[in-house]
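Being a predicted model, the structure only gives us computed values, none of them experimental. First the proteins, then the strands, lettered A, B, ... as listed; each starts at 1.
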Amino acid sequence: MDGGGDVGLRAEDVSWAVGGRMIVDGVSVEPRTGDTVGLLGPNGSGKSTLLRLLAGVRPASSGVVRLDGDPLGALGRRAVARRVAVVEQHSATQVDMTVLDVVRLGRIPHRRAWSARSAEDDEAVRDAIGYTRLEDRVGQSWHTLSGGERQRVQIARALAQRPRELLLDEPTNHLDVRHQLDLLALIARAPVTSVVALHDLNLAAMFCDHLVVLGNGRVVAAGTPAQVVTEKLIADVYGVRAVVTPDGPDDRPSVRFLPTGG
Amino acid sequence: MTGIGTRGTAAVWTGGLALLALSTAATITIGPAGIAVGDVWAVVASRFGGAASGLTPIREGIVWDLRLPRTLLAAVCGAGLGVCGAVMQSLLRNPLADPFVLGVSSGASTGAVLVVVLGVGGGAVSLSAGAFLGALCSFALVLLLGYASGGTTDRVILAGVASMQLFSALTSFVVISSADAEQTRGVLFWLLGSLSGASWGDVGLGAAALAAVLLVCAFTTTALDAFAFGSDAASSLGVDVARVRLLLLTATALLTAALVSVAGAIGFVGLVLPHAARAVVGSGHRRLLPTTALVGALFLVWVDTAARTVMDPQEIPVGVATSLIGVPAFVVILYRGRRMS
């Protein structure tokens, strides 16, 4: 977790509490530039909240999130949004928009009020659409897209922001296996530093360079997939028995769960 | 944000403005006095330093003191309510939101009945001033309740509903317990919205408020676009959500309060016309807000003309006329909303 000094997005001992309950409790994260970092942990372990703190959408109760050394709070929302893009777990709108309209939202942080779209805006949008292979969908209505397509469009919107850091909250939720693999491959090869909250340990081991495991708002393990995804950790964090073998791609860990209580 | 391109939008605006100017002149001629479009131009020209209109003082008065301010006030109210409705719908992410959703009209009605029925202010406060103050009280209560309970969109809407209920109940209580038949009729007529008392002062007030809000909107159109996927998404797109939301809620509430205080609560304009405008130019606010203003102005100019002429000499409150047209449109929106979700 060497952030290379003051470069990139890093959380330093951040906490966030609501109603006296610590949701995130003294977490530090320093993704290495260009890495895809997987955020693991059971439901309610604080993954989504940590991502919101990293995005600056919520201010940390204590600790600080820094972007190239500057606290997020001192940078202003626009400056942060030009660097850090967010894809939420579930995106919904009542507005009737096309795919192109949604991707163009990503240019908002780069535009001044009442200014027209620039050539750079159009180029960023075109690149993002090309990267996510949505060329033949640009005119389609958002409301007619499947869940997997919507997530792809949101990733295109995030990339249109031309971020250097991309934060994703369980982007593969509710997607079929094919879409999960496609989407994570897309994220892993994107030229950005990504932090992805995930539930599926096999997918995390397969696509992430580095894993951080949260339990009750604290970091309980961090390291490469081989260091983190172990039978002992799965038993400790999830309370589930599993067999872990180095059978994944590039000898990465592969998890086979065993029935509980049996 | 689907819809026609930039050139199409320019055509819609140019055509809309021309149509509005024509409609203003045309509707002034409609009515029992039998005035021609040429007479309208002559009167306007003479007031701006041209030759005398050649009309009798009474006919000139009908054009300049009655019909012209009334038509212009209709245009201002239609534009203002339309814009407020569009902003509320985007900001609260609710296609069924309208300018009155934060209790402004209910507060205004309470203020109005306090002045008219109970004589609060001892004659020093006009009905309009009472309505305006009432509207501000109601909006302040909504902000207080909404922000004290967390400031999320849902909380603000719920606070609006609570405030609306409270002030409606207060209005009813005052009317039932104290008003005589004549007062009740007058208050009811005002509550339903009426442009019959339009003066140049009302036009000036409304137009100034409208201009100020359009200016605020000009600087927040991209921020409003960013709210499409919710306030967290808007925040991650670089929008200072708390500041933009408070600014726009306050601006639209003040405009709505000003319009309600001069013309009563004219319903459905702010609910339905933003949807009509979206169907024409798409949901990007840079095009949507000016288009909504134009469509709203045109709509209310003609509906008010219908309201004062179809049952002549009896006048229908314009709010009743807009609702008679608005309710079927509302049903269509509900139906489409159900299909979409």
Side-chain angles (χ1 to χ4, degrees), chain A residues 18 48 51-52 54-59 75-117 139-144 150 153-154 157-158 160-161 163 166-167 169, chain B residues 1-3 5-6 86 89-97 150 153 214-244 274-275 278-290 333 336-341:
Chain A
V18 63
S48 298
L51 285 175
R52 291 208 171 98
L54 282 169
V57 173
R58 300 269 183 284
L75 283 171
R77 293 299 319 145
R78 272 168 67 90
V80 174
R82 289 177 182 186
R83 271 288 301 276
V84 183
V86 180
V87 174
E88 290 176 90
Q89 196 176 129
H90 177 71
S91 295
T93 182
Q94 288 88 8
V95 183
D96 193 14
M97 300 169 94
T98 63
V99 167
L100 183 60
D101 292 329
V102 178
V103 178
R104 276 184 180 157
L105 290 179
R107 297 308 295 169
I108 287 176
H110 298 273
R111 283 171 62 185
R112 283 262 155 231
W114 210 250
S115 65
R117 275 201 314 277
Q140 195 175 335
S141 166
W142 165 266
H143 294 278
T144 64
R150 287 182 183 187
V153 172
Q154 285 297 340
R157 185 269 307 155
Q161 284 176 249
L166 181 57
L167 309 174
D169 192 0
Chain B
M1 284 168 223
T2 44
T6 309
Q89 286 167 5
S90 301
L91 213 52
L92 301 178
R93 301 187 73 218
N94 193 325
L96 303 180
T153 305
L214 286 177
L215 193 69
V216 170
C217 288
F219 287 97
T220 45
T221 48
T222 42
L224 277 169
D225 288 344
F227 277 90
F229 286 92
S231 42
D232 275 1
S235 176
S236 76
L237 286 171
V239 174
D240 187 338
V241 170
R243 198 173 62 92
V244 168
H275 293 291
R278 264 184 213 103
V280 180
V281 296
S283 54
H285 289 83
R286 207 176 147 184
R287 292 176 187 170
L288 175 65
L289 295 180
I333 292 163
R336 282 192 53 191
R338 192 194 59 169
R339 240 187 3 187
M340 227 151 85
S341 60

Engineer: Using the ring pair (Phe, Tyr, Trp, His ring centres under 6.0 Å) criterion, which residues pair with B:Phe229? Sequence neighbours excluded.
Structural biologist: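 So B:Phe229 forms a ring pair (Phe, Tyr, Trp, His ring centres under 6.0 Å) with A:Trp142.
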Engineer: Using heavy-atom distances under 4.5 Å, tell me whether A:Val87 contacts chain B through its side chain, its backbone, both, or neither.
Structural biologist: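 Answer is neither: A:Val87 stays 4.5 Å or more from chain B.
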Engineer: For chain B, which candidate among A:Ser91, A:Ala85, A:Ala55 shows the most heavy-atom pairs at distances under 4.5 Å?
Structural biologist: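 Most pairs with chain B among the choices: A:Ser91.
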Engineer: For the candidates B:Ser235, B:Gly230, B:Ala226, B:Ala233, which exhibits the highest count of non-hydrogen atom pairs separated by less than 4.5 Å from chain A?
Structural biologist: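 Most heavy-atom pairs under 4.5 Å with chain A: B:Ser235.
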Engineer: Please tell me whether B:Thr222 and B:Asp225 have a donor and an acceptor in their side chains that are separated by less than 3.5 angstrom.
Structural biologist: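 Distance-only check fails for B:Thr222 and B:Asp225.
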Engineer: Go through the atoms of A:Arg157 and report whether side chain, backbone, both or neither lie under 4.5 Å from a heavy atom of chain B.
Structural biologist: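 Only the side chain of A:Arg157 comes within 4.5 Å of chain B.
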Engineer: Side chain, backbone, both or neither: which part of A:Val57 has a non-hydrogen atom closer than 4.5 Å to chain B?
Structural biologist: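 For A:Val57, heavy atoms of backbone and side chain both lie under 4.5 Å from chain B.
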Engineer: Should the pair B:Arg278-A:Asp96 be classified as a salt bridge under the 4.0 Å nitrogen-to-oxygen rule?
Structural biologist: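 No, no charged N to carboxylate O under 4.0 Å.
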Engineer: Looking at A:Ile108, A:Val86, A:Val80, A:Val102, which one has more heavy-atom pairs under 4.5 Å with chain B than the rest?
Structural biologist: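 Result: the option with the highest number of such pairs is A:Ile108.
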Engineer: Let me know if A:Arg104 has heavy atoms under 4.5 Å from chain B in its side chain, its backbone, both or neither.
Structural biologist: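 No part of it gets close to chain B.
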Engineer: Applying side-chain hydrogen bond (donor to acceptor under 3.5 Å, both in side chains), name anything that partners B:Ser236, two or more places apart in sequence or on another chain.
Structural biologist: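 B:Ser236 satisfies side-chain hydrogen bond (donor to acceptor under 3.5 Å, both in side chains) with no residue once adjacent residues are dropped.
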Engineer: Need one label for A:Arg82: side chain, backbone, both or neither, based on atoms under 4.5 Å from any heavy atom in chain B.
Structural biologist: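 For A:Arg82, no heavy atom lies under 4.5 Å from chain B.
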Engineer: When you measure from the side chain of B:Ser90 to the backbone N and O of B:Ala86, does any donor-acceptor pair fall under 3.5 Å?
Structural biologist: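 The answer is yes, because a donor-acceptor pair under 3.5 Å joins these two groups.
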Engineer: Quick one: CG on B:Leu288 to CG on B:Leu224, what's the gap to the nearest 0.5 Å?
Structural biologist: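 Rounded to the nearest 0.5 Å, the CG-CG separation comes to 9.0 Å.
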